[in-house]
There are 2 protein chains.
Amino acid sequence: MTEKPRKRADAQRNELSLLDAAAATFVAAGVDAPVRDIAAKAGVGVGTIYRHFPTRADLIVAVYRHQVEACAEAGPALLAANTSPHAALAQWIDLFVDFLVTKHGLAGALRSDNAAFQTLHAYFLDRLVPVCGQLLDAAVAAGEIRDDLQPITLMRGVGNLCIGAENNPDYDARRLVDLLITGLRLK
Amino acid sequence: MTEKPRKRADAQRNELSLLDAAAATFVAAGVDAPVRDIAAKAGVGVGTIYRHFPTRADLIVAVYRHQVEACAEAGPALLAANTSPHAALAQWIDLFVDFLVTKHGLAGALRSDNAAFQTLHAYFLDRLVPVCGQLLDAAVAAGEIRDDLQPITLMRGVGNLCIGAENNPDYDARRLVDLLITGLRLK
DNA sequence: TTGTTAAACGGAACAAGGTTCCGTATCGTA
DNA sequence: TACGATACGGAACCTTGTTCCGTTTAACAA
């Protein structure tokens with residue numbers, strides 16, 4: 001039962017190089033950076049990228065997995081630390097916005113209907129929507145907000161608002177997200 | 001002074017065909033449809049497209065100009081027809097959302113930082129931001145909403161919320177825009 | 001009508017990026 | 001050390017945007 005087809009040493013090495021190179025390239029040129037650039041920076045051929053990460057989304061997910069996990073785990077923690085669930089929700093959304101606006105092009109990729117980004121989309125949604133739902137439910141239960149907004153709609157809306165938010169002087173995504181969360185309140 | 005370098009008959013004809021073909025193609029395949037497809041549908045070579053419409057944005061603007069103008073003109077009309085400027089604002093935004101969500105891919109194009117879409121961006125902003133500003137000012141003057149939101153930020157936010165809204169069952173852009181406008185209210 | 005010319009046309013050619021494929025190199029093991 | 005499986009590299013191919021130039025055609029004057 002315990003399969004153990006351990007990967008070859010060179011394959012493990014390359015996977016690491018690729019992750020490093022991708023992280024660096026994403027910072028410098030955004031998550032849409034050419035595959036060839038990433039391969040070159042990692043010192044491998046393009047074939048090697050596709051072997052390890054069949055789609056760009058797989059690579060992006062691998063690079064940001066830790067941060068997404070951290071965000072997901074912050075949800076319950078914030079709920080526990082705040083007396084007002086609405087405040088916890090606002091803080092959590094803020095965390096999510098922080099994450100998105102510092103990853104050049106990520107919000108846009110999340111939105112893309114390109115098949116290659118399907119995995120990315122699915123991962124973010126699977127991991128974060130339940131957390132968002134928890135916060136939303138708590139706020140509804142506390143009578144702080146309206147009860148007719150689906151977690152997935154909120155997540156998508158916030159994601160959309162973050163598109164193109166990086167270093168754009170006359171577009172304040174955080175501000176808009178804040179208005180959205182405010183609009184959620186009853187009364 | 002009155003220059004009259006009238007265009008050649010074939011050029012005028014082709015421009016019309018192109019506009020028709022583009023409109024049809026945009027409906028069927030979105031505003032990102034391949035240039036070659038549009039050229040083929042119009043029965044002209046790709047060179048002819050570029051001669052008439054140097055960038056894709058020029059073509060998009062030409063196709064949707066009438067509708068954008070109509071939207072712009074609806075602003076003052078709604079203000080005059082409503083006793084509450086906030087209600088007028090909500091209705092106007094609704095018109096804008098209607099326009100965007102029925103044009104597959106347009107909201108995304110509006111957001112693109114690709115140089116080719118610069119003109120599109122500029123046209124929409126030039127034409128609609130002042131109208132939005134007028135509505136916003138009136139609502140502020142009536143004491144209905146907070147006074148610290150720039151028209152351009154609002155327009156961009158609404159545009160962003162409309163990205164990917166076409167036939168997507170679990171994403172209700174209109175709903176989110178509504179929350180945003182609600183969040184604007186004082187109290 | 002016909003000749004001349006500037007305007008406009010078509011589409012081949014080129015560039016850029018994604019993706020596939022297969023001959024070659026390397027690893028792990030007997 | 002030899003051998004099979006695994007992984008690698010990068011050329012080649014596809015799609016889409018964009019440019020360029022030889023050819024066609026509309027406009028107009030003689």
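Since we're looking at a predicted model, the values are computed, not measured. In what follows, chains carry the letters A, B, and so on, assigned in the order in which the sequence lines appear, proteins first and then strands, with residues in each chain numbered from 1.
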Just the rounded figure in Å: distance from P of D:dT16 to CG of B:Asp32.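 The distance from CG of B:Asp32 to P of D:dT16 comes to 11 Å, rounded to the nearest Å.
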To the nearest Å, give me how far apart CG (A:Asp10) and C1' (D:dC8) are. 8 Å
So which heavy atom on B:His104 is nearest to which on B:Glu166, and how close? CD2-OE2, 3.2 Å
A:Leu128 and A:Val68: which non-hydrogen atoms are nearest, and at how many Å? CD2-O, 4.0 Å
Flag, side chain of B:Asn82 to backbone of B:Ser84, donor-acceptor distance under 3.5 Å: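 Flag not set: sc B:Asn82 to bb B:Ser84 has no pair under 3.5 Å.
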Side chains of A:Asp170 and B:Gln150, donor plus acceptor under 3.5 Å: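 No donor-acceptor contact under 3.5 Å links the two side chains.
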If we ignore angles and hydrogens, is there a donor and acceptor under 3.5 Å between the side chains of B:Asp58 and B:Thr55? yes
Starting at [atom1] of [X], measure out to [atom2] of [Y] and round the result to the nearest 0.5 Å.
{"X": "A:Thr48", "Y": "A:Leu18", "atom1": "OG1", "atom2": "CG", "result": "7.5 Å"}
{"X": "B:Arg111", "Y": "A:Ile163", "atom1": "CZ", "atom2": "CD1", "result": "8.0 Å"}
{"X": "B:Leu149", "Y": "B:Leu136", "atom1": "CG", "atom2": "CG", "result": "6.0 Å"}

Under a 4.0 Å N-O cut-off, is there an ion pair linking A:Arg174 with A:Asp98? yes
For the helix from C:dT1-D:dA30 to C:dA30-D:dT1, what angle separates the axis at the start from the axis at the finish, each from five pairs, in steps of 10°? 10°
Need to verify one output field. Residue with the more 5' nearest nucleotide on DNA chain D, B:Arg8 or B:Asn114?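 Upstream on the strand: B:Asn114.
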Nucleic acid contacts of residues 34-63 of chain B, taken as heavy-atom distances under 4.0 Å to DNA chain C: B:Arg36, B:Gly43, B:Val44, B:Gly45, B:Val46, B:Gly47, B:Thr48, B:Arg51, B:His52
Chain A on DNA chain C: first and last contacting nucleotide, 5' to 3', under 4.0 Å to a heavy atom? C:dG17 to C:dG28
Please determine whether a side-chain nitrogen or oxygen atom of A:Asn14 lies at a distance below 4.0 Å from atom OP1 or OP2 of D:dA7. no
Criterion side chain to side chain contact (heavy atoms under 4.5 Å, CB included) on B:Leu179 and A:Thr182, from CA distance to verdict: CA-CA 8 Å; B:Leu179 285 175; A:Thr182 299; over 6 Å; no
